[in-house]
Structure formats: structure tokens, C-alpha cells
Trainee: 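Let me begin by handing over the structure; questions about it come next.
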Amino acid sequence: MKPTYYITTPIYYVNGAPHIGHAYTSIAADVLARFKRLDGYDVFFLTGTDEHGQKVEAAARAAGLDTQAYTDKISQDFRDMSDAMGVSYDDWIRTTEQRHKDSCAALWKKIEASGDIYLGHYEGWYAVRDEAFYDESELKTNDAGVKVAPSGAPVEWVREPSYFFKLSAWQDRLLQFYEEHPEFIAPSSRKSEVLSFVKGGLHDLSVSRTTFNWGIPVPDAPGHVMYVWLDALTNYITAAGFPNENADKWKFWPADVHFVGKDIIRFHAVYWPAFLMSAGIAPPTRISSHGWWVVDGEKMSKSLGNVVEPRALAKTFGLDQIRYFLLREKPFGADGSLNHQAIISRMNVELANDLGNLAQRSLSLIAKNLGGVLPARGPATEDDIALLDAANALPDMVRARMEQQTFHEALEDIWKVIRAANSYIDRQAPWALRKTDPERMAVVLRVLVDTMRVVATLLQPFMPESIAKMLDQLGVPGEARTLAALAVPLADGTVLPAPQGVFPRYVEPV
Ligand code: MSP
């Protein structure tokens, strides 16, 4: 039986249209999901939409639509965006679905049964934009002299009856959990942030609201709807079949990686494991967090009019080019700036020149001089062995990078081999060998095909469409594109299709 691997994205608020920040989390998760499938795992990849709470209710009102009709529309838009960006999810969850309402009610009851929920009164600050409660001490003053959330979101003073979760009682157990699971929060800079937040002392958390009703009802408590984050986080177990722990899907729990942006770590790394432990359910294995994209150095905002629509960007530059750029341009955990010049440069230098030309040069020599037939391996020189060794070391290196979600390092490792292959072809000059030593030329070309096969196999998760074409041209059969299949050499004499450029250069439209 294949080992299981469960990957999630955050579920997206349906208060507005999808933008490149959302696409980024989903593409990163998709790359890992695709990689794990290639590496022989039974992957369950979940994404979807977060549809309750005050923020969504207000957005529906502003759009003049019935709340459910509004969420149906925006959820579908997120789903279309995910499909358009090649996100290979296995399940699309919506928090307004019945399965999720049942799951939330069941989780609530378990937490309640463990004695961690009590009725009280919440009085304090709330930021609708973040759907978060803040302590007075966390607030800052903005340029206009107004108190705002640490994120800059406006806050309002809330006073209402509320159920509380005894988060304060979980402080020590959380700290112990982090200590026993050093890989739980990534990257480590974020881990320190979480540790100091928890060590600073945890307050009980308000987990129900009574001043609006767009939410999941608290069982047996008329007037109370669940706090949207308790509702939202529960999606990860709903999709695994909860509360039916006999469901086939339950084999995927605990999730292996929850991908999140840096802004929502606290909810995932503090509240979520506490809720789960209280309910007697195992916490997830890892919370992997990423930094934010700004556009040309500026924060994206509707008022600046610089919000980047992912589908439009893919249309301009190509989907695989954008997927590659997003994961290559900056370290996963760091912030980065998106700008067209940077995309064009990666597209032209790394994809068109380094990788595209390597394939095109090698394959057109095979087409022209060897009748398009894959030559056999031959006696290897030191130079051949050095390149092949570097290529054959890649799968383990990339696998290790993927375990850490350091995608840009995985790509850099792969590019080192691509660059080495380019120097190799220049040094070996197979075009000149054609006359002087055709047998050696054939060996050199085979070394290049074998190297590119490893490279392309590993690049599939990043650029599925283009790399599928490249693997076609390299004569790699569909079933031989997994990591395990790399152990079996390509059949000598395979007839290769006529080579065609896979990575076009970007040409400015006139
Ligand atoms: N609904 C919550 C998540 C609930 S998960 C149980 C939420 N939704 S969101 O739509 O606001 O954000 C979803 C994700 O998009 C977050 O991980 C966030 O970090 C990410 N991004 C939003 N803007 C971003 C950028 N500008 N850049 C990169 N990622 C960004 O939070």
C-alpha cells in the first residue's frame, strides 16, 4: 500500500476576487502534491473556500446579493482560478456545505465534553478584516492617530455574550508539543514568533458570536454562531471524513502539511492544535508558512489598483512560466516583489536559454544526425560520469528540499545540473564530433538525454504542461515519468518525435 500524504491550502475568504497571493499558496501546495504523487504517495490535496463570518456577510451585503448566492458565485470564481492555474486538488471544500456543518458541530461537542468550553461575556477589540480578536497591548496607532490591528486592519470594540475556549489551560501542553515536534512550524523564524507568543501567556479565546448570524450554529445554544476561525480550521478534518473516523478518508489524518501565509500562522500553530488536542484528535504534522508578494514594491490594494489577477498574468507570460517564477524568485518563507521585468528575465534566461536551448540543441542533433533515434549508452569518459553523477544525485536532493518546502532551493539544485549540462555540451561540441568521431557524438547525446530526463522528471510538478511536452520529446513513456522509474534506463533505439521548442522567449507585444 502506498503511504498517505495529506496537503492543504488555507480556505480562501469569499469576500472578494482571487488574486496572485491566493494563487501562490495554492500553486506551492500543488507543486508538493504533484511531487509526492510522483514519489509514490497516495496524496490527498484539499483546497476550497471559507464562507462564514462578518467579513463575508458584509461583502455580500455590499454586492447587493443574498449571502448564500454571493458565496456560491465567489467560491466558483476561486475554483475556476485554481483550475486555470493547474491546481490539482482532490477535493474542493466549502464551509457552507452540510458535511462541514456536521463536522463543526461534532468537534464543538467533543471540546465541550472535555470541559474546555464555558459561557461568558466577551468585551474587547475585534478586527473584521482579520476576523481576529486583539488584546489592547497588541494594537498600534496608525498615521491618522487611530488604533488599528497589528495588520493595520480597523478594530471595533465588541461586547457580547460568548462561549470561550480555555486556551490558557493549553499553554504548557502546546509548548511541550512544539518541543516534541521541532518540525511543526516552518520556517524557523516563524517558529520563534509562535513560541514567544505562547510563552507570553495565552488568554481564553472567544469562540462564538451573537451579534450576527452568518455562521454555523453552536449546538444547543440559540443565538450563538461559531467563531469563523474555529469553523474554518475544522475544514481540514471535515474533508478527511470527520466525524466519521471510520471513513476511508480518515486514513489521511493527521495532515502532513498545512500551507499558510505568514499572517495566519497563529490560528494554525496555536489555536488549531489546542482545539484538536482538547477534542482528543492528533494535531497536524507541519504548518509551513510563506511570505507575501508585493507588486513593484507596493502592497497590493484595491485603492492602488495594483491587484494582480493570476489568470491574466498566466495569459501574458504562460502558466508554467508564472508557476516557475513564483517558486523560484524568492525563498518560500520570505516576502518578494512581483514585477514584469523579473518574470521576463527568468522566462528568457532560465527557461528559454538554459533549459529550452539545452533540449533543443541536443534533440535537434539527434534528429539531424541520428535519424531521431535514441542512441545507446557507450563507454563513459570522466566528463560524462561527472554530469551523470550530478543528475543522478538530484532526486534525493530535491526530495529533501521538498520535505522542507524550500522550493527555490530545489529549483536552484536542478538548475546547477542544467548549467553543468550546458557547459558539457559546449565542451564536448557534439556538432563537431559528427565528422571526427560519430560514435562519441552518439554517446555524448545519450548522456545529455539521460541528464535531461532526470531534470525533466523532477520539474514536472513545477511546470506540468511544458515538461510533459519535453518528456514526450525525450521519448519518456507516460508510465516512466515517476521518480522510481528513473532507475530503468530509456530503451535504446526509441524513436523520438521531431523536436519543438517548449519554452518560448518573451517577445514584447508591438
Ligand atoms: N480564510 C482564511 C484562511 C482560513 S484557513 C482555515 C484566510 N483567507 S484569505 O483569503 O484571506 O487568505 C488566504 C491565503 O492567501 C493566506 O495564506 C494569505 O497569506 C494568502 N495571501 C493573501 N495575500 C497575499 C499576498 N499578497 N502574498 C502572498 N500570499 C497572500 O486567511
Side-chain angles (χ1 to χ4, degrees), residues 7-29 46-56 59 71 74-75 77-79 81-82 85 87 93-96 100 103-104 107 127-132 149 151-153 190 215-216 226-239 255 257-273 275-276 284 287-302 304 306-310 313 322 325-327 329-339 405:
I7 301 175
T8 68
T9 75
I11 46 172
Y12 302 104
Y13 283 129
V14 291
N15 66 313
H19 60 60
I20 196 70
H22 307 123
Y24 177 58
T25 319
S26 288
I27 290 171
L46 176 71
T47 184
T49 43
D50 185 354
E51 307 188 7
H52 290 127
Q54 248 176 311
K55 166 153 123 169
V56 168
T71 62
I74 309 279
S75 178
D77 195 24
F78 270 90
R79 190 165 180 162
M81 181 277 285
S82 306
M85 302 310 283
V87 179
I93 193 162
R94 301 184 54 190
T95 55
T96 48
H100 181 65
S103 162
C104 284
L107 182 68
V128 175
R129 200 168 88 193
D130 299 347
E131 294 284 18
S151 61
R190 298 291 166 197
I216 296 181
M226 290 183 202
Y227 172 39
V228 66
W229 269 101
L230 172 57
D231 159 349
L233 289 160
T234 305
N235 92 87
Y236 302 131
I237 54 173
T238 304
V257 187
H258 287 323
F259 279 99
V260 299
K262 63 180 184 179
D263 51 319
I264 56 173
I265 295 176
R266 186 185 294 184
F267 304 97
H268 285 83
V270 182
Y271 303 167
W272 184 223
F275 294 154
L276 288 169
I287 310 295
S288 187
S289 69
H290 63 73
W292 271 42
W293 285 100
V294 295
V295 175
D296 297 319
E298 298 259 19
K299 199 168 176 209
M300 266 189 287
S301 80
K302 277 189 200 151
L304 284 177
N306 65 348
V307 177
V308 176
E309 213 291 332
L313 204 63
I322 293 305
F325 172 83
L326 290 173
L327 293 175
E329 180 71 4
K330 69 175 187 70
F332 191 54
D335 293 339
S337 180
L338 190 98
N339 72 77
Q405 298 86 48

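Counting starts at 1 for both ligands and their atoms, following the listed order.
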Trainee: Would you say the side chains of Thr8 and His258 form a donor-acceptor pair under 3.5 Å?
Mentor: yes
Trainee: Is any side-chain N of the basic residue among Arg94 and Glu51 closer than 4.0 Å to the acidic one's carboxylate O?
Mentor: yes
Trainee: Ring centres under 6.0 Å, that's the criterion: do Phe267 and Tyr227 meet it?
Mentor: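 Centroid distance Phe267-Tyr227: not below 6.0 Å, so no.
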Trainee: Can you measure from CD1 (Ile11) to OG1 (Thr47) and round to the nearest 0.5 angstrom?
Mentor: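 One finds 8.5 Å between CD1 of Ile11 and OG1 of Thr47.
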Trainee: Please list, by chain and number, the protein residues whose heavy atoms come under 4.0 Å of ligand 1.
Mentor: Pro10, Ile11, Tyr12, Tyr13, His19, Gly21, His22, Thr25, Asp50, Trp229, Ala232, Leu233, Asn235, Tyr236, Val260, Gly261, Asp263, Ile264, His268, His290, Gly291, Trp292, Trp293, Met300
Trainee: Could you give the distance from OH (Tyr12) to OG1 (Thr49), rounded to the nearest 0.5 Å?
Mentor: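 Between atom OH of Tyr12 and atom OG1 of Thr49 there are 10.5 Å.
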Trainee: Taking the six-membered ring for Trp and the full ring for Phe, Tyr or His, determine whether the centres of Trp293 and Tyr24 are under 6.0 Å apart.
Mentor: yes
